[in-house]
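Worksheet for the structure shown next.
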Number of protein chains: 2
Amino acid sequence: MTVSKTAEKSSEKPADTAKGRKDAAEGSGEALQLGELSEQLGYVLKRAQLKVFENFLRCMASLQLTPAQFSVLLLVEKNPGRNQTEIASTLGILRPNFVAMLDNLESRDLCARIRSTNDRRSHILVLTDKGKAVLARAKKLVATKHEARLNDLLGPSNREALLGMLSKIANEF
Amino acid sequence: MTVSKTAEKSSEKPADTAKGRKDAAEGSGEALQLGELSEQLGYVLKRAQLKVFENFLRCMASLQLTPAQFSVLLLVEKNPGRNQTEIASTLGILRPNFVAMLDNLESRDLCARIRSTNDRRSHILVLTDKGKAVLARAKKLVATKHEARLNDLLGPSNREALLGMLSKIANEF
DNA sequence: TATTGTTATACTCTATAACTATA
DNA sequence: TATAGTTATAGAGTATAACAATA
């Protein structure tokens, strides 16, 4: 099966905010007013997340890695010798859904399942040599193209502050 | 692909000094190290977004409104007299997918489609009286339960800074 | 009996093509 | 011809139940 299709970007893009307007008359070509929507953290958070993932995919086009796949490779590299359940649950992926994902990565020779000698029910996960090489290239692409662009947009200290607040929400909310 | 793994059941107990450990002991009950993952903005952004939506749904359980439905009601209230295409595209919803969403809101008597007299192809969207009342209650719930909790977690000025950075990403990235 | 990996399945979101009725 | 709303459909992502092998 095809691992990925040449995903065209034809999704809808949101209109810009137009300040200082009153109720729109029917049929007018004017931009809509977002109103309170632009103050809803959840709304803005979702839009930002879509933009960031979109850019991530563009930056990783040459390696054909999705954000989820990248996170799996990173976690397996950092935690060699762990089984599927441990890696999946840490990433918030349900075990049944992790199977096809691993099938994909394994078919591309990026990682491998190894039957554990301690507990023959478990599959220990490790990166292959190719997986390590691809991950190294991926990290470089992410750092120089993706995260660097975020840095340009926000500034390093703001980017760090943003990361801190998002982590706080992710961990304590 | 060789993997040197000789892990015994009773493994050694390496401290989580990020430096001194290469192989994680197999089967150890230790928590995994996120490593570079916790510095990936996209990863943290996604986790935070899931948490925020989850909390939103809990706060709105009594009104049975999803974040997407809430955003539609807000936008229709702020922009009465606009048609489906305008509302949907502003929210980044594709027109075909907007149909079922509107069917739902209309069946609950929260909003109504009105055939335009100017262009009989268009459906003008408006909130019903019940829709306005429900939206008012929803706004109050969001403000007092949802956004207020974000405020408690981050502090008002941090929350505002977070919103600003996310908006910048959503609009300029 | 409980757990690991797996299959099957279903439901939501998102995306594209094509139809209809108007323009 | 082009556009608004719609239908059908396909693909991801996510969720639960259940089964075989193993503990």
Side-chain angles (χ1 to χ4, degrees), chain A residues 1-14 26-27 29 46-47 49-51 53-54 56-57 64-72 81-106 111-125, chain B residues 9 26-27 29 42-43 46-47 49-51 53-54 57 64-69 71-72 81-107 111-125:
Chain A
M1 296 296 100
T2 5
V3 164
S4 70
K5 54 194 169 118
T6 343
E8 271 292 18
K9 274 232 46 10
S10 65
S11 64
E12 293 293 302
K13 57 172 200 281
E26 175 183 341
K46 176 73 176 181
R47 301 308 290 242
Q49 184 259 309
L50 290 173
K51 277 291 189 74
F53 269 42
E54 198 180 287
F56 183 99
L57 285 171
Q64 288 289 93
L65 283 181
T66 66
Q69 290 168 335
F70 180 65
S71 71
V72 170
R82 298 297 194 144
N83 66 26
Q84 295 183 197
T85 297
E86 290 172 311
I87 298 292
S89 79
T90 298
L91 293 173
I93 302 171
L94 291 168
R95 271 71 82 224
N97 299 331
F98 196 46
V99 174
M101 219 180 144
L102 269 186
D103 288 347
N104 180 321
L105 294 175
E106 202 171 22
C111 82
R113 293 183 241 228
I114 301 174
R115 185 128 256 154
S116 167
T117 52
N118 295 339
D119 184 341
R120 292 179 45 73
R121 293 172 300 184
S122 298
H123 287 172
I124 294 314
L125 297 182
Chain B
K9 199 79 161 247
E26 174 182 341
Y43 177 75
K46 177 74 173 180
R47 303 302 292 240
Q49 184 259 308
L50 290 173
K51 277 291 188 74
F53 269 42
E54 197 179 287
L57 285 172
Q64 287 287 96
L65 283 182
T66 67
Q69 291 169 334
S71 71
V72 170
R82 297 297 195 144
N83 65 27
Q84 294 184 199
T85 297
E86 291 171 310
I87 298 292
S89 78
T90 299
L91 293 173
I93 302 171
L94 292 167
R95 272 70 85 227
N97 299 332
F98 196 46
V99 174
M101 218 179 143
L102 270 188
D103 288 348
N104 180 320
L105 294 175
E106 202 171 22
S107 74
C111 81
R113 292 183 243 227
I114 303 175
R115 185 128 256 155
S116 168
T117 51
N118 297 339
D119 184 340
R120 291 179 44 74
R121 293 171 302 185
S122 298
H123 288 171
I124 294 313
L125 298 182

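Each chain gets a letter, A, B and so on, in the order the sequences are listed, and its residues count up from 1. Computed over heavy atoms, backbone and side chain alike; hydrogens, waters and symmetry mates excluded. In this text the structure is predicted, and so the values were computed from the model without any measurement.
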- Item | A/Q49 CD - D/dG13 P separation (whole Å) | 12 Å
- In terms of the nearest nucleotide of DNA chain C, which residue is placed more toward the 5' end: A/L50 or A/L102? A/L102
- Gap between atoms CG and P, on A/L57 and C/dT14 respectively (whole Å): 15 Å
- Item | Sequence-distant partners of A/L50, side chain to side chain contact (heavy atoms under 4.5 Å, CB included), two or more places apart | A/K46
- Mind calculating the distance between CG (A/N83) and C1' (D/dA23) to the nearest angstrom? 14 Å
- Can you tell me how far C1' of D/dA12 sits from CG of A/L94, to the nearest Å? 15 Å
- A/R95 CZ to D/dA17 C1': how many Å, rounded? 14 Å
- Message: Minimum heavy-atom separation for B/A88 and B/R95, please, with both atom names.
- Response: CB-CD, 4.2 Å
- Looking at D/dG5, C/dT6, C/dT4, which one has an atom nearest to any side-chain atom of B/T85? D/dG5
- Message: Less than 4.0 angstrom between a side-chain N/O of A/R113 and OP1 or OP2 of C/dT6, yes or no?
- Response: yes
- Query: What is the distance from NZ of A/K46 to P of C/dC13, rounded to the nearest Å?
  - Reply: 9 Å
- When rounded to the nearest 0.5 Å, the distance separating CZ of B/R115 from CG of B/N83 is 11.5 Å
- Query: Any idea which of D/dG5, C/dA15, C/dT6 is nearest the B/N97 side chain?
  - Reply: C/dA15
Between the protein and nucleotides 18-23 of chain C, list every N/O to N/O distance that falls short of 3.5 Å.
from, atom 1, to, atom 2, distance (Å)
C/dA23, OP1, B/R120, N, 2.8

- Item | Backbone N/O of A/S116 and side chain of A/R121: donor-acceptor pair under 3.5 Å | no
- Query: Do any side-chain nitrogens or oxygens of A/S122 fall under 4.0 Å of OP1 or OP2 in C/dT3?
  - Reply: no
- Query: Of all residues at least two apart in sequence or in a different chain, which pass the side chain to side chain contact (heavy atoms under 4.5 Å, CB included) check with B/I114?
  - Reply: B/I124, B/V126
- Could you go step by step and tell me if B/L102 and B/E106 meet the side chain to side chain contact (heavy atoms under 4.5 Å, CB included) rule? CA-CA 6 Å; B/L102 270 188; B/E106 202 171 22; 5.6 Å; no
